[in-house]
Amino acid sequence: MPKLPSLAASFGGIGRAVRVSVASAAGFYPAAYVLDRPVLALYALFTPIAFGVLSPLPGSGSRRAGTVLRAAPAAAALIASGTVLAVTTWTAALGMLVVALSLTFGAACAPRLADVVPGLQLCYILACFPPYAPATLPERLGGLALGAAVLCLGEVLLFPSPRRPSYAVRVADALDLAARTARVLLRAETVDSERARLLRTTGRELRFSRQPHGGRLTGAGRTDRALAHAGSAARRLLDQLATLGELPAAPADTASRNLLHGVAATCEETAGILRGDRPAGGAELIEEMTARFLDERGEPPEGGRARPYALLRRQSTLLTVAVSTVTVCTAAHLAAGAGRAVPGLPREQFWYARPSTARLWLVRIRGNLTPRSVVFQNAVRTALGLALARTTAVGTWSAVRSAAAGTLAGAVLAGALIIGAGDATEVYAGLLVPTMVVAFSVGPAGGPAWAQGLFTLVVSTAFAQIAPVTWRLAEARLVDVLTGSAIGLVCALLAWPAGARTELRRSVATLFRAAAPVVRETADAVAGRGAVPRGDRSRRPTTGPLWPALHHLRIAEAAYAQFRTEPAPRADDDGPDWLAALNYGSRVLTGAYWLPPARGVPGLPPEARRWVDTVARQVADAGLRAADLPPGGVDVRLAPLLAATSSDTTPGASSLLVDLEVWLHALASDLATATGADRAAAADDPGPVRRSCAGAPDAPVD
């Protein structure tokens with residue numbers, strides 16, 4: 001057996017273990033000993049186990065109780081189906097295939113369904129096991145109702161969990177910090193290292209990997225998508241504000257001060273909307289202020305002197321802050337239900353704003369109905385394992401080994417107990433609750449071995465009170481687990497052995513290749529040579545190579561999301577940084593929308609055009625090299641901008657060139673991070689690691 005889990009880990013789930021054990025006992029003992037209804041007792045016992053242990057529901061007690069009540073009709077339907085299909089082994093197995101495939105695929109498409117899938121699977125498995133007894137269906141459904149009722153009472157009354165801030169409130173808190181920082185920058189132009197660190201730390205805390213399991217908004221509906229989008233943009237906004245505050249001070253700039261005022265006010269208003277304190281509206285005000293800032297920045301400076309580079313750099317970075325503010329504000333309004341129209345922004349950035357809820361669900365399902373989808377692959381793998389063995393199928397050799405060892409130990413102990421106690425029902429009745437408390441607290445913390453071993457004891461102790469048993473009950477349990485584990489292992493090895501890792505690597509490589517033409521086309525548009533339509537930004541992401549890049553970014557994001565749900569056999573510290581790769585794709589597409597001027601290109605001198613060609617080619621070629629994920633990573637040193645400027649460069653052209661420089665440096669930094677070049681450089685040179693010169697408007701959800 002593996003090492004015993006720590007006391008802290010074991011007792012961390014003691015509240016849940018006591019709730020489930022009390023609920024199971026409250027339904028089991030009266031049904032078995034007062035009503036003498038063994039079938040009713042069996043289902044009253046296993047319903048709390050199904051939805052309290054196998055499906056550890058997230059959230060507060062009242063939320064968990066609501067989830068159980070909503071899942072009860074589906075559980076009843078599965079129990080009825082299993083009861084009918086148990087007529088033969090083949091019909092039961094075929095039904096298990098359909099049920100497992102539907103539930104597993106549905107859980108991937110609707111993540112909140114994933115919370116109850118293991119419990120729903122147990123309901124079908126329990127009902128379709130022999131003997132075939134359709135006459136007992138009323139008692140089975142009665143046991144389900146009894147078990148669900150006592151579990152709901154236990155969730156509300158016993159050790160209720162405190163309410164945690166929702167993701168919307170967390171984003172609102174981040175926006176309040178952004179508003180305060182913007183006002184600090186209005187007074188001092190820079191921020192101290194402590195505030196910059198706080199901004200970046202707060203942004204990292206908005207990552208989905210830092211949220212509790214039930215707080216990860218990954219559903220297909222508009223609200224979940226919009227809140228996830230708002231959190232993504234808020235994280236980027238905080239990072240950009242930190243970058244802006246770390247830049248050297250520059251001469252006073254009225255246009256920048258006005259835009260910073262607008263950023264602060266918009267962040268405060270959006271925070272109130274996310275908390276429900278203010279009615280939802282739109283992002284028109286901050287959009288108008290951003291457009292006014294662009295117009296004022298393009299005007300000739302007073303006195304005819306060129307603006308210093310430090311000022312241009314601050315203005316370009318402030319522009320990325322404003323763009324992220326537009327994004328987070330628009331997403332928050334959509335999350336609050338403020339209509340579906342998104343004027344002035346690319347449709348593809350908020351593509352989920354217009355379709356109906358049913359259409360959004362169809363998009364999620366259709367996108368995963370392909371053998372290349374890791375969601376589809378895992379659903380088929382799980383369904384095959386459950387259908388062939390009708391037990392828990394595991395997919396790695398270490399999990400198989402642990403489950404087998406734990407079940408063997410549990411079977412030996414259960415066999416010894418049955419041989420020693422014989423028909424002494426009172427012994428099993430006295431041991432059931434303590435055994436459940438230990439199993440449901442130590443098992444989840446200890447891993448497959450402890451979970452399988454202790455659960456075998458619980459099953460043996462319960463069945464010994466319902467019908468005469470022998471030591472062969474434990475033997476049958478061991479055979480079931482070994483069979484299911486072996487089938488799950490074979491399915492994992494023969495079909496898609498790497499899970500989402502291989503698909504993620506492939507999709508990221510395709511994304512890098514699809515983004516390279518977008519970088520070049522955007523640079524051409526900045527230089528006045530592109531075919532990007534002028535004056536209609538809403539159409540840009542569907543023209544030329546933009547649509548393929550957007551499509552492949554969505555595929556890579558889906559593969560990354562699935563990858564992060566799978567157990568990692570090893571640490572990824574030395575491998576590719578997948579989140580940086582997705583961030584690269586997001587930066588490319590957002591820059592393609594915002595960078596090309598909508599009112600014509602100001603005159604660029606020949607040396608500036610040559611610089612644009614050179615740096616765009618450097619970044620595009622680096623993206624193509626990064627698609628192969630070379631061992632040493634991809635590092636690119638861009639040609640300096642100052643050498644390409646001259647006195648002939650107009651103020652508008654200078655600002656545009658700095659915008660392009662900020663964007664391309666950020667892309668180069670993302671490529672270095674994604675491929676590990678920055679880690680290799682840090683290993684060779686222990687000095688400070690390079691940081692991107694500016695953030696990009698919004699990054700994908702992780």
Side-chain angles (χ1 to χ4, degrees), residues 196-197 199-200 203-204 207 232-233 235-248 313-314 316-321 323-324 508 511-512 515-516 518-520 522-523 549 553 556 573 575-592 594-595 611-612 614-627 629-630 632-641 657-700 702:
R197 183 167 53 252
L199 287 166
R200 292 193 171 94
R204 286 194 299 270
R207 296 170 57 183
S232 173
R235 294 200 315 270
R236 184 54 54 191
L237 172 62
L238 295 179
D239 185 66
Q240 291 162 343
L241 283 170
T243 301
L244 179 63
E246 292 171 336
L247 291 176
R313 180 76 172 278
R314 290 189 66 86
S316 294
T317 307
L318 176 59
L319 179 60
T320 67
V321 171
V323 169
S324 290
V508 165
L511 171 63
F512 283 155
V518 181
V519 174
R520 289 192 292 266
T522 302
L553 175 61
D573 296 339
D577 189 328
W578 303 117
L579 188 59
L582 298 180
N583 200 31
Y584 173 82
S586 179
R587 288 183 196 268
V588 167
L589 293 169
T590 313
W594 286 102
L595 279 174
W611 175 83
V612 170
T614 300
V615 294
R617 185 179 64 254
Q618 287 177 318
V619 173
D621 291 346
L624 294 175
R625 296 198 308 273
L629 296 174
V634 174
D635 194 9
V636 55
R637 304 289 179 173
L638 300 183
L641 170 63
L657 289 173
V658 175
D659 291 346
L660 182 65
E661 180 193 34
V662 166
W663 180 60
L664 291 174
H665 271 285
L667 294 179
S669 178
D670 278 339
L671 289 175
T673 302
T675 59
D678 57 346
R679 293 191 296 272
D684 295 337
D685 180 7
V689 178
R690 283 184 307 138
R691 186 166 55 215
S692 170
C693 58
D698 56 304
D702 54 320

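- Under the side-chain contact (heavy atoms from CB on, under 4.5 Å) criterion, Ala626 pairs with Phe512, Val634, Leu671, Thr675, not counting sequence neighbours.
- The shortest heavy-atom contact between Ala196 and Ala242 is O-CB, 3.9 Å.
- To the nearest 0.5 Å, the span separating OG1 on Thr243 from CZ on Arg313 amounts to 9.0 Å.
- What you find for Val612 and Ala523 is that their closest heavy atoms are CG1-O, 3.5 Å.
- Here CZ of Arg625 is found 9.0 Å from CG of Asp635. Values are rounded to the nearest 0.5 Å.
- Minimum heavy-atom separation, Pro576 to Leu629: CG-CD1, 4.1 Å.
- With hydrogens and angles disregarded, no donor-acceptor distance shorter than 3.5 Å links the side chain of Gln240 to the backbone of Leu318.
- Residues Leu238 and Arg200 are not in side-chain contact: their nearest non-hydrogen atoms beyond the backbone lie 4.5 Å or more apart.
- Listed here is the closest heavy atom pair of Leu511 and Ala549: CD1-O, 3.8 Å.
- By the 4.5 Å heavy-atom criterion applied to side chains, Leu199 and Asp239 are not counted as neighbours.
- Side-chain contact between Val619 and Val615 is absent, with no heavy-atom pair separated by less than 4.5 Å.
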Exercise for the section: Go through the steps for Leu553 and Tyr584 under the test side chain to side chain contact (heavy atoms under 4.5 Å, CB included), then give the verdict. Expected result: CA-CA 10 Å; Leu553 175 61; Tyr584 173 82; over 6 Å; no
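- Side chain of Thr673 to main chain of Ser669: a donor-acceptor pair is present (N/O by atom type, distance under 3.5 Å, no hydrogens or angles).
- Residues Arg587 and Ala666 come closest through the heavy atom pair NH1-CB, 3.5 Å.
- A side-chain donor-acceptor contact under 3.5 Å links Thr320 to the backbone of Thr317.
- Arg235 contributes no side-chain N or O that, together with a main-chain N or O of Arg204, makes up a donor-acceptor pair within less than 3.5 Å.
- For Val588 against Trp663, the heavy-atom pair with the smallest separation is O-CZ2, 3.6 Å.
- In this structure, Leu641 CG and Glu661 CD are separated by 4.5 Å, a value rounded to the nearest 0.5 Å.
- Atom-to-atom distance recorded for Leu664:CG and Asp659:CG is 11.0 Å, nearest 0.5 angstrom.
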